[in-house]
Every structure is written in C-alpha cells, then in structure tokens.
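What follows is a single structure, written as structure tokens, with notes after it.
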Amino acid sequence: MSPTVPGGISCREVVELVTEYLDGTLDAETAERMRVHLEACPYCVEYVEQIRATGRIAAVAAAELELRPDRDHLLALFKDIRRSA
Amino acid sequence: MSDVVVDRDADLLARLRAGDADAFMTLVDRYGPLMLRIALSHVRSRAVAEEVVQEAWLGVLQGLDRFEGRSSLKTWILRIVANRARTRGEREARSVPLSSLAADDEDEPSVDQARFRGPDDPQYPGGWAIPPHSWARLPEDKLLASETLQQVRAAIAKLPPRQQEVILLRDVEGWDPEEVSAALELTPGNQRVLLHRARSKVRADLEHYFEAAA
C-alpha cells in the first residue's frame, strides 16, 4: 500500500464507492478505508458533497415542475367504476 | 423488517373499498404527481404520460379488491404505474432508431478517467489530476437558480428510464433503498448501481454547467 494513497484506496476508486458509502452499505473494512481516505483528501470530500448536493438539487428541481393530476377526470372515473362494481 | 407492512394508507384503503370518493381524491393528491413523474421518465410526451397515469389509476381501482396488502398501498400503486409506463415506453422505443437510446447496462466510469493520475504516478497513483472545484463557494441562489434546476431536469430526462425511476424515488421522493427495490422489482445491488450511475451523470452535467457559467 502506498503511503500517499490514504486508506489504501485511490480517488479513482472512491468516486465509484460514494453511493454505497452514503447508504452505509459498504463492508466494515471498506467503510473504514473510505473514512481514512476522506480524512486526508479534501478533493474526495468535495466529490462526496457534490453527490449529496446533486440529490438535493434534483429534489428541488422536481418540486418546481408543476404536476397536477386531473382531479375531475379521475373523480368521474372513480364513480364510473364504483357504479359498475 | 417484520412481515407486517405498516401502511399509513391503511385507513384510506378501507374507505376506498367502501366507495368513498374523498379517500380516492386524497390518494390522487398524494401520489398523482409522483406517478406522473415516473411515467414521464419512460415516455416522451406529457400527454402520453398522463394517459399512462389514467390507465394506472384504472388498474388500481379495478385491482383494489384483489390487493392483499403484502406491500404497502403506495408500493403497489407505484409498481402498477411503473409497469405500464415501461410497457408504453418500450412500444414507443420500437419506433425510434436504436442508436438514439441510451442503454441501461452501460458500464462507464462515474468520472472522466482523464481527470485522474495514472496507476504508476509516483506521487498519487489514481489520485485526482483535475480535482472538482468547490461548489460551496457558489452562492446558494446560483445552486438553486431556476436555470440550474432546468439543467438538472434536462440531465435527469437524458438518463435511461430505469436510472430516472431510481433517482426520482431515492433523491426526489426520499424513499429508502428497500422501498425502491420493492416498488421497481430490483435487487438491492441493481438499485444501488442505477442510483450511482444516475447521480454520477447528473453531478457531471451540473459540474459542466457551473464551470461553463463561471
């Protein structure tokens, strides 16, 4: 293991493990390596933060999209179905 | 997790079965927008997505008496709309050239490999050569500006349908990984891979956008 590769995993590998890291589904050993790496590598900390921010921005973006169900039509549908039931 | 599905819609279900229209409208308000988003991730137009959702509601109403409560009502409804949207999307896809469709099983790296040092780098093998610029320095109003949001919507719309479904449910709706796997009939591993690819691509698109705007 190179002493200049914190945690024994490279940045290239870290970016592939981010989702599992955030979900807490990494095995204990890999999670520990990740922790050690992130403690030493501000670039990967930034990357993890950007992935987190991406989720947050996606949530806001979707909320801004006006999506109203056609209530009148659905209500008529409901009544139709109940009548024939 | 126990066998018993704790369902906040349990009361609604009983009222629905009794023919209570208000209960149905509550359900429509609760899940209608999400259903439309899921449908939109598979089909190309809003009009078709709305048709898919109507069909799904019809399926829900017709299936109510057969619903056994082995999953939550929410999971069951979402599975119905996802299946219908998928079928409709596949039918649409057959009428467009194959090359215009992004495959779901592509295996490209999350970050352009040119941004990393080589494996033989004397100092930082596999380390960042071109590290990400901090987003923390961007003002919040830039991060959530309507142009940025537009950019994110476009980035999500470009993803393969299954990746869109997963990122919608996980990041937009905030569902647990287990719920998403159940609703979309995915293994936990597939769910994770789809989410990972989706987030990585949307992040990369956003990064390009911020860099270009800087």
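To find a chain, count down the sequence lines: A is the first, B the second, and so on, and within it residues start at 1. None of the values given here were measured: they were computed from a predicted structure.
- Remark: the backbone N or O of A/Thr54 is not paired with any side-chain donor or acceptor of B/Arg203 at under 3.5 angstrom.
- To the nearest 0.5 angstrom, A/Thr19 atom OG1 is 11.0 Å from B/Arg197 atom CZ.
- Under a 3.5 Å cut-off, the side chain of A/Glu16 and the backbone N or O of B/Pro109 do not form any donor-acceptor pair.
- Using a 4.5 Å cut-off between heavy atoms, B/Pro132 touches chain A through backbone and side chain atoms alike.
- Here the side chains of A/Tyr47 and B/Ser200 are in contact, with some heavy-atom distance below 4.5 Å.
- Ring-plane geometry between A/Phe78 and B/Phe24 is classed as parallel, the angle between the planes falling under 30 degrees on a 0 to 90 degree scale with a further cut at 60.
- Rounding to the nearest 0.5 Å places CZ of B/Arg153 at 12.5 Å from CD1 of A/Ile57.
- When each of A/Val45, A/Asp70, A/Val15 is scored by its heavy-atom pairs under 4.5 Å with chain B, the top score falls to A/Val15.
- Using a 4.5 Å cut-off between heavy atoms, B/Leu64 touches chain A through its side chain atoms alone.
- In this structure, A/Ile81 and B/Trp57 have side chains that are not in contact, with every pair of non-hydrogen atoms separated by 4.5 Å or more.
- For B/Arg192, the salt bridge (Lys or Arg N to Asp or Glu O under 4.0 Å) criterion is met by A/Glu20, not counting sequence neighbours.
- Of the listed residues (B/Leu58, B/Leu195, B/Val53, B/Leu168), the greatest number of heavy-atom pairs within a distance under 4.5 Å of chain A belongs to B/Leu58.
- The two residues A/Cys11 and B/Gly127 come nearest to each other via the heavy atoms SG-CA, 3.6 Å.
- Only the backbone of B/Asp20 comes within contact range of chain A, with at least one heavy atom under 4.5 Å from a heavy atom of that chain.
- Scanning all heavy atoms of the two residues, the minimum distance from B/Ser134 to A/Glu46 falls at CA-OE2, 3.2 Å.
- Here the closest heavy-atom approach between residue A/Leu77 and residue B/Gln54 is recorded as CD2-O, 4.2 Å.
- Shortest non-hydrogen contact noted between A/Ser10 and B/Pro125 is CB-O, 3.5 Å.
- With a 4.5 Å cut-off on non-hydrogen atoms, B/Arg170 touches chain A through its side chain but not through its backbone.
- Shortest non-hydrogen contact noted between B/Val152 and A/Ala58 is CG1-CA, 3.7 Å.
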Between A/Arg71 and B/Asp29, is a side chain to side chain contact (heavy atoms under 4.5 Å, CB included) present by the stated rule, with each step listed? CA-CA 8 Å; A/Arg71 295 179 101 254; B/Asp29 290 335; 2.9 Å; yes
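- Here the side chain of A/Arg12 pairs a donor or acceptor atom with the backbone of B/Arg117 at under 3.5 angstrom.
- Around the OH atom of A/Tyr43, the shell of radius 6.0 Å holds no more than 12 heavy atoms that belong to other residues, nucleotides or ligands.
- Judged as a side chain to side chain donor-acceptor pair (under 3.5 Å), and not counting sequence neighbours, the contacts of B/His133 are B/Glu211.
- Residue A/Leu22 comes nearest to B/Arg199 through the heavy atom pair CD1-NH1, 4.1 Å, listed as atom of the first residue, atom of the second, then distance.
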